[in-house]
Every structure is written in structure tokens, then in C-alpha cells.
Amino acid sequence: MAKQDLAKTYEPREVEDRIYDFWVQGNYFHAEPNPDKKPYTIVIPPPNITGQLHMGHALDNTLQDILIRWRRMQGYEALWMPGTDHASIATEAKVVEAMRADGLTKEMLGRDGFLERAWAWKEKYGNRIVSQLKKMGSSCDWERERFTMDEGCSEAVKEVFVRLYNEGLIYRGNRMVNWCPHCNTSISDAEVEYEEQDGHFWHLLYTVKETGEQLELATTRPETMLGDTAVAINAEDPRYAHLHGCHVILPLLNKEIPIVCDEHADMTKGTGVVKITPAHDPNDFEVGRRHDLPMVRVFTYDGKMTGAADKAAADELIASGRAAADEPQVLDCGKYAGMTTMEARKAILEDLTAGGYLKEVEPLKHDVGTCYRCHTTIEPMVSKQWFVKMEPLAKPAVEAVEKGEITFVPERFTKNYLNWMKGTRDWCISRQLWWGHQIPAWYCDECGEMVVAKEAPHACPKCGAAMEQDPDTLDTWFSSALWPFSTMGWPKQTPELDYFYPTDTLVTGYDIIGFWVSRMIFSGLAYTGKAPFHTVLIHGLVRDAQGRKMSKSLGNGIDPLEIIDTYGADALRFMLATGNSPGNDMRFITEKVEASRNFANKLWNAARFILMNLPDGEMPLTLPVELTLEDRWIVSKFNTLAKAVTENLEKFELGIAVQKLYDFIWDNFCDWYIELCKSRLQGDDPAAARQVLVYVMTGMLKLLHPFMPFITEEIWQSLPHEGESLMISRWPVYDEALNFPEEEREMERIMEAIGAIRNRRGEMNVPPSRKAQVYIETAFAKTFEDGIPFLMRLASASEVHIGDSFDLPGAVSIVTNGATVKIPMDDLVDRQAEKARLQKEMDNVQKQLAGVTARLANKAFTDKAPAQVVQTARDQEQQLKDKLALLQQSMDALQ
RNA sequence: GGACGUUUAGCUCAGCUGGUAGAGCAUUCGCUUGACGUGCGAAGGGUCAGCGGUUCGAGUCCGUUAACGUCCACCA
């Protein structure tokens, strides 16, 4: 920016893209294994290719970029590994939807035709989210961008699958899974969302064959009764002791099924009798296994009642001998066949009522499992799927966290993680989808032999017949779980893997601890032998102004790109980092973005001020030899700031760091130091002031850069500087030689006096244009002499007199720490009001003094409190006493 | 049914290892102060949800109650 072009307000739109291109041209985002540096690595939570940038991404990526830019400036070889996720179920749904518009279905296109479309879709939309991340200023190493379905990641997936299979940790079997009839696929437990719904308990009556009595039992899903293969009672239940070994007649089907004794039947609940449907209820499945009950499936995979054709297909499979022993039977539901489960429920209830089998209907609120994608009610269903055996994998993953190898920030999420990891059941990883990593298992057409391998077998090793690959694909999270090392080239031992792995910090929302974080942890430990990262920084959700979750259906989402367009990326980033503590949700409030935009503008104008005072060609890159009082004050303050901000960042207290920067820049630097400099800049020897201004400004820009990368770079480029870019400059380090505590105190005495004068003038409504004589009675004459120009400029003094005592009856008098300031303003002073004010202040001081004195009088306090705290109290007491005496003097002078 | 979180100025939120409450916005008053009105200077406003405890001292630690919220859980 050339000096003459300096706009009065900062225009992010004219700056951001240009600066981003500049960084890319400079290749500053790129990281390479470098033995001379320490690595610092973050892998991005790969956004879905279906996705558009939302506030959640904006927050997540802002935090990551802050950390990565900061570490880069500290001299680490900082790698932010970017990429995208294929998001199997979400993408497939989108592609299917798009196809429907063309009148096409998956079946019409076939697998290859469908995948062609899906890849085309990925090409079209996959880059959208990436370009949006760039708008945020994200300093990802784009040369290393990865995709979960690219060759390397797919290789890692196959490697892991085959390895786990060979170790017996992946198995295939008929198990109870969560089936989404809409998406037509199984989903994992983690993908089920529970919603409270109004439902009913239907109390049914089953007749005992042997005794003729009627057994009452309740169900929330009466349509499953067609698949009942037993009724359970508790062996200890005296009410039913006489029924052991008996049978009941299943209504409607008139089928005889056994009464079994099982612990699952809880005597305290309902009537203590439970119907058992092993093929459609997870508990009943277990009961069925324990008692070797037949499994009878009555629903099709698209949520209808099974019919004759379904039964015939299943019977044929079982008869062929190729089915596993645990293959469920299928019922021909007869008149109910083809009905949806809801239609069947209605019809079955009508028939049960007609037959006198329905005793009563009880309304009930209960949690119903729904698909996280489409919120269709989940049907638990026995189905042949692939599973990861979790117990052996979870154990080391629990230990790693318990031993502190991995830390959650904030710490409370550790419990969240451990609960998940300890309670998790086997992970259903197969999906009846086409978009994703196809399962590397092949089955023989003839003999049913199975081969699990990375490459397709030529022929069945047993009988030589042709083999076909399992049509199913893997859960998206299976590949995401490998992300921290698949992106580094694993299973190959690449230099990247060696250098950047394990990574350092994982930044993500608490909503995917179970989905992703936990799976990366056990995967990393199991396959690489190392925890994939040592710190997990958890953030909350960005909610709307009313505190509601932003969602498409509510239409309350705020588009980060629109915010960037009107306020700038820096303002958005700054707002997201401000007042946000780890793990807590935050609300998106436009006023907060405005405040951040205003702050950027403030900084911009401070820079403008410096540039306007800087002669062309002058390059004040170092501090001057001689530092004045105010120089020492600001330099010392900055020095402390650099230390504090660094410490806050180390502890992931980004919100605190950003608050300190804001306060320093706006309050200390702009409102005070720049003002203090003005007289010197206009005087005979402005050079030293310029040097300090540039020095502190440069330092501020560095500390602020991770938070507001664009504007800081833009300003830095326009100021005198060394090096190519702010983003690769060195992070400020605390320097004991620049610590001036005594000067800080002195300067603060002057500032307090200025503040007190302004305050009094304000109360009396005296405009700044009306200057006044100022008399200062003080023991710190030297300090206040240095402060004369400041008092004249900032406290509207026409002249400043310093002495031990001035006899000025009727002057306004103000007592501060270190001085009594007297301003003769007879025409403005209402003596009575002035006396009242002084009295009020004296009362106030008296009250404070009483408090401190009481505390010091308490022997327990002086004995037990740390010496420093007691000393502070003593100092305070003395100050208050002094102040009170001075106030008394002022009061006396008024008489 | 478990677990967790939140409750601080009118609003949105900070407050790290206990030392006597802060910011932004809003409100009120005063400013053509040559960087900035996206600004400058000031002011008002809080028994830090209630109760109990530990401590010389608690917004900060412990217990408990209440309201709101989140996550987990196979309630037939």
C-alpha cells in the first residue's frame, strides 16, 4: 500500500484475496520434513465433499489456523494437512437425488454407471469447500491435499481391513443392526439418534397351550409379533413358576412357541412377561441366542412386510447350503405382506382386537431410534454384516488416555470419551451403499468360499470357480479413522510419516468424539503403535442469536462467506476466537462481528498514523538507544504481553489471548501511547518516537497475526520491515532487558492524574477546548515534570505547576495515588457541591480503609495469609490513609 | 435411568493455579481533540441462581437444591 492511497477505513475485500495469493506464491504453507526444526502437525477434520462452509467449519478452522500460524512463527516446521471426506452415505444420497431429477435410479445405471456419476459429482463439488476454506485464510499445505478415497487412503483402508481380518478382529455374521429403510443400509450405533415420540404400550394376551390361561404382555411394536419365536419369563418369578416348559399360541398365526426362562424378563416391569422377536430386537436377539430360538425375519430391507417371494429366496439360500448357520428364516406374512410396517401395525392391531387379543392400550412417551441422516425410524434387524471386534482395540485406547498420553482440552471431555470407548459394542462397518471403499472380500459363486485380500483373487482357491467381490462398502468413518496416518503415506514408511506423525493437536467439536476421535485413537494405536496426537482441543457449537442450533430445516444458518464479504475474514475469525472458551457453545451475534471489524479498523488507523509520521525511506527497525519514560512503559507492557499471549496459547486459552491483545492494542497502544507520542512527533526530535512506534506496532502485528492474518500482513508489508512476509517472521519472545516495572509505575501515576482530571472536568461538563491551569502537589516531582506535555495535551492543561504545596482556596482538588491536583476554576465551582463531592469520596475511602484495617487486625489473616498478600494489604492501608489525609486538606482549603 | 454443562451488569459472554468482579454491545453525558465518529473523553449499572460447608479469605474448592441445555442408555 502506498502512503498516498491509505484509505480511512480498512477494506478487507480489496486485500484478502491478494494477500492469500501472495502467501501461496511464496509457498509459505508448505512443510517438508526438516531435521533442523521441530515438527508441529495438525490434520484437518476432513469436511464432506457434499458440504458447504458453515459456522462450525469456520470456528474449527479458525482455531486450527491460529495454532498452526503461531507455531510456524515460533520456528516449528508446521504442517496443516488438508483434505476432504467422501462421506459415503451423504454423498450417495445427494447423487441419487440428482439422478432422480433425470428420471434415473441406481438400478438403471448399475454400479459402474452410478460411480461414474458420483465421481463427477465429487469433481464438481469437492473443491467448493476447499476454496471456501481458503477464504477463511486457512494456511493449509494445499500441495498435500488428500481425499479419503484417493489411492493412498484406499490402500490404507485395504491394509487395515485385511490385517484386522487376519487377526480375527474383523468378522462377518448375522447380527442385530440398525437398519434405515429409507437409506436402505445398515448404520452403526453411533449413527442412531434418539428422538422422543408419543407411542403406545399395547397389552396383548397370548394363550398358554397347556393351561389355557391368558398371559398378558406389552409391546411398543405390535407388528413384530409375527416374528415372535418365544415368550420369556423370569425363572425366579413365582407368578409363572407353573409355566416352565409350557408353550403359548401366537395369535393370528396360531403358531405354538415356547415359554423360556431368561434373565431379560424383569419381574418388576409390567407383567413380567416379554415377547421374544430375535430377528427384530437387539435384546431378543440375545435371548434367542441363549435359548437357540429360531430367528424369523418379517420385514424387508426397505421397510415392508415380507411375502412369499422373500420367503422363497431365503429358503432357497438356506437349502443351497451356502448360507451361514445363523441365517434367519423369513416369514410369508400373508395378508400383511407388502404393507409398510406402519400399515401392518394398524392391520394387525385391528385383527388382534377382533380376536380379543388386545387387552388395553396405554399411551407412552419413548425414545425412538432414527437415522442421523434422514431421521427415518430405525428398524432393528438381523442382517449379515461386517463388524470390528471392539474390545481388544478399545482397551489400549482407554489406557492411552488414562495414562495421559492423550489429553483432552477441556479435561472434562476425557470422561465423555472414556464412557464411549468403554461402552462401545462391536462396530458394524459394512454399508449397503456403492459410494465408498468396497469391502475387499470375495466369495466363490460355486462353493461359497471367502477370500479377504488386498487384491482380487483370480479364482476360488478351493474349487477354482469365479469369485465376486462383496458388493457392500465400508462406513465412511472407517477411512476417517486412519486419516492422521493414511495422509502421511501409511502403510508405506514415508519420510512424512516418520517426521510429522504422530501429529500434535486435533481440533474438533464435541459432537464427533465418538464418531471420529475415538476411532482415530484406537486405530492409531493398533496400526502404528502410537497415539495419533497428544492433545485433543474440543470446541462447542456455534448457535444462532437465540441459542438455537443452526440448521437447514430452521433456516437460521448464517453463511460465513456472507459475513466475510461484508466484514472481512479477519473480523469473523477474531469474533470466533473472542470470548470463546474451549468446549463451550457460543452464539453468533452480528454485533460481535461488528466489534471485531471495528477493532481491525482501529489497528488500520493506528498504522496509518504511524505511516503518516514516517518520512519516506526511513527504516526504523530497532529500538532507539535512549528510551523515554513513556517508551519504557509501552515497551515493558508489550514485553509482558508477548509472554502472556504465548502462555495463553500454550494452554489453548485462545479467548484469553485474544482479549489481552485487544486490550493492549486499543487501550495501551492507541488510546495512550499514540497520544503520548504526538507532542514528540511534532517536536524537534521525532525519530526515537517513530522507532518505538514501529517496534511496538510490528510486535503487535506478529502477536495478532494468527488471529487476523490478512490485515496484519497488509500493514506489515507497508511498514518498514525485514523479510518477505509477516507470516514467516519470528514470534516475539519475552526479553528481561526490556522489563521496566518502575517506569510502568511512574507512567501510571501520570496516567492516573490525567484520568482524574478528565473525570472531574467531565463531571463539570467542561469542554476540552477550555484549557485550565493545573497545580500538582506531589512527592514525585521528577515524574510529573516528565508528564507535563502529557498533562497539557491529554488533560487540557494550559500550564502545569509542580510543587510541594499550593495555596489555592476554592480550587477544584483531586486526590490521586501520588499527587493532589488542584485546578482553579472559580467560576465553575459550586463550593457546596464540591464539598459534598469531597465528603462522599472521603466516606468511600473511609469505608475501604475500614475494610483493610479490619482484615489486618485479624491475627488469623496476618499469620496465615502469604506474606505478599499481607504486604499488599499494608500498602493499600497506607495509601488509603494518605489519600484520606489529602482529601481532608482539600476539604479544609475549601472553608 | 446415568453423565456432563450452563446459571456473573439490560443483552452476549470472559474471569487460568482461591486474595475481594471485567469486556463488547446497549443506556446517559460531553467532544470538528488534524490516525480512526467502524472514533475520543467520561458516567450509571452486579448481595457472581438459592442454601450449607472448607478457608484468615470463595464468582473461583466441596456438598446440596432449582431452572435451562447437551450427550449417553436395549426400558419389553
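The figures here come from the full heavy-atom set of this structure, side chains too, leaving out hydrogens, waters and symmetry mates. In what follows, chains are A, B, ... by sequence order, proteins preceding strands, each numbered from 1.
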- The Watson-Crick or G-U wobble partner of rC16(B), with both key distances under 3.5 Å, is none
- Complementary nucleotide of rG1(B), counting Watson-Crick and G-U pairs under 3.5 Å: rC72(B)
- Message: Is there, by distance only and without an angle test, a donor paired with an acceptor across the side chain of R587(A) and the base of rU12(B) below 3.5 Å?
- Response: no
- Message: For the C1' atoms, the ones on rU65(B) and on rA9(B), what distance do you get once it is rounded to whole angstrom?
- Response: 26 Å
- Message: Rounding to an integer number of angstrom, what distance separates rG15(B) and rA23(B) when you compare their C1' atoms?
- Response: 10 Å
- Item | salt_bridge(R221(A), E379(A)) N-O dist < 4.0 Å | yes
- Query: So which nucleotide from rG24(B), rC40(B), rC56(B) ends up closest to the side chain of P866(A)?
  - Reply: rC56(B)
- Query: With a 4.0 Å cut-off, would you call E402(A) and K422(A) a salt bridge?
  - Reply: yes
- For the pair E647(A) and K651(A), find out whether any cationic side-chain nitrogen is under 4.0 Å from an anionic carboxylate oxygen. no
- Whole Å only: how far is the NZ atom of K651(A) from the C1' atom of rG15(B)? 13 Å
- Query: Got a salt bridge between E877(A) and R874(A), using NZ or NE/NH1/NH2 to carboxylate O under 4.0 Å?
  - Reply: no
- Could you work out which one of rC40(B), rA76(B), rU38(B) sits closest to the side chain of W666(A)? rC40(B)
- Whole-Å P distance, rG5(B) and rG39(B): 38 Å
- Ionic contact status for R290(A) with D262(A), cut-off 4.0 Å: yes
- Task: Could you tell me whether the phosphate oxygens of rG39(B), OP1 or OP2, come under 4.0 Å of any side-chain nitrogen or oxygen in N605(A)?
- Result: no
- Task: Write down the partner of rG39(B) under the Watson-Crick or G-U wobble criteria, each distance required to be under 3.5 Å.
- Result: rC31(B)
- Can you find a donor-acceptor pair, distance only, under 3.5 Å between K269(A) side chain and rC75(B) base? yes
- Task: Look at the side chain of N283(A) and decide which nucleotide, out of rC74(B), rU70(B), rA76(B), has an atom nearest to it.
- Result: rC74(B)
- Choose from rC25(B), rA35(B), rG19(B) the nucleotide whose nearest atom is closest to any side-chain atom of K678(A). rA35(B)
- F669(A) six-ring face occupied by K602(A) cation (under 6.0 Å, within 45°): no
- What nucleotide, of rU38(B), rC31(B), rA35(B), holds the atom closest to the side chain of E675(A)? rA35(B)
- Regarding the side chain of T219(A), the nearest nucleotide among rA76(B), rA35(B), rG24(B) is rA76(B)
- Query: Rounding to a whole Å, what distance do you find between L611(A):CG and rC36(B):P?
  - Reply: 14 Å
- Item | Gap in Å between the two C1' atoms, one belonging to rG50(B) and one to rU8(B), rounded | 15 Å
- Task: Using side chain to side chain contact (heavy atoms under 4.5 Å, CB included) as the criterion, point out the one residue from T816(A), V774(A), V812(A) that pairs with I757(A).
- Result: V774(A)
- Checking only heavy atoms, does the side chain of K8(A) share a donor-acceptor pair with the base of rC36(B) at less than 3.5 Å? no
- Given atom CD of E647(A) and atom C1' of rC16(B), what is their separation to the nearest angstrom? 10 Å
- Task: Using the C1' atom as the reference point in each nucleotide, state the distance between rA49(B) and rU6(B) in Å, no decimals.
- Result: 11 Å
- Nearest-angstrom distance, P atom, rC51(B) to rC16(B): 23 Å
- Message: Is there a side-chain contact between N598(A) and the phosphate of rC36(B), meaning an N or O under 4.0 Å from OP1 or OP2?
- Response: no
- Is it possible for you to check whether R597(A) lies under 6.0 Å from the centre of the six-membered ring of Y567(A), through NZ or CZ, and within 45° of that ring's axis? no
- Task: Can you tell me the distance, in whole Å, between the CG atom of N584(A) and the P atom of rG15(B)?
- Result: 8 Å
- Message: Does a side-chain N or O of W672(A) approach OP1 or OP2 of rG41(B) to a distance below 4.0 Å, or not?
- Response: no
- Task: Assess whether one donor atom and one acceptor atom, taken from the side chain of R855(A) and the base of rU20(B), lie less than 3.5 Å apart.
- Result: yes
- Item | Any strand: nucleotide that pairs with rG44(B) via Watson-Crick or wobble, under 3.5 Å | none
- Message: Checking base pairs now: Watson-Crick or wobble, both atom distances under 3.5 Å. What partners rU6(B)?
- Response: rA67(B)
- Message: Can you tell me if R412(A) touches the phosphate of rC4(B), counting only side-chain N or O atoms and a distance under 4.0 Å to OP1 or OP2?
- Response: no
- Item | Nucleotide nearest A860(A) when distance is taken to its side chain, options rC56(B), rA14(B), rA35(B) | rC56(B)
- Message: Just the rounded figure in Å: distance from C1' of rC74(B) to CH2 of W179(A).
- Response: 20 Å
- Query: Quick one: is rC72(B) close enough that its OP1 or OP2 comes under 4.0 Å of any side-chain N or O from K422(A)?
  - Reply: no
- Does a nitrogen or oxygen in the side chain of K602(A) sit under 4.0 Å from OP1 or OP2 of rC40(B)? yes
- Could you check D189(A) against A218(A) and say which one's nearest nucleotide on RNA chain B is further toward the 5' end? D189(A)
- Considering only rG15(B), rG19(B), rA73(B), which nucleotide approaches the side chain of Y194(A) most closely? rA73(B)
- Counting side-chain heavy atoms from CB outward, which of rU12(B), rA3(B), rA43(B) is closest to K415(A)? rA3(B)
- Task: Go ahead and name the base partner of rG24(B); Watson-Crick or wobble counts if both distances stay under 3.5 Å, otherwise write none.
- Result: rC11(B)
- Message: The side chain of F609(A) is closest to which nucleotide in this list: rA35(B), rA76(B), rA3(B)?
- Response: rA35(B)
- rG34(B) versus rG41(B) - spacing of their P atoms, nearest Å: 14 Å
- Item | Span that lies between the P atom of rU64(B) and that of rC4(B), in whole angstrom | 11 Å
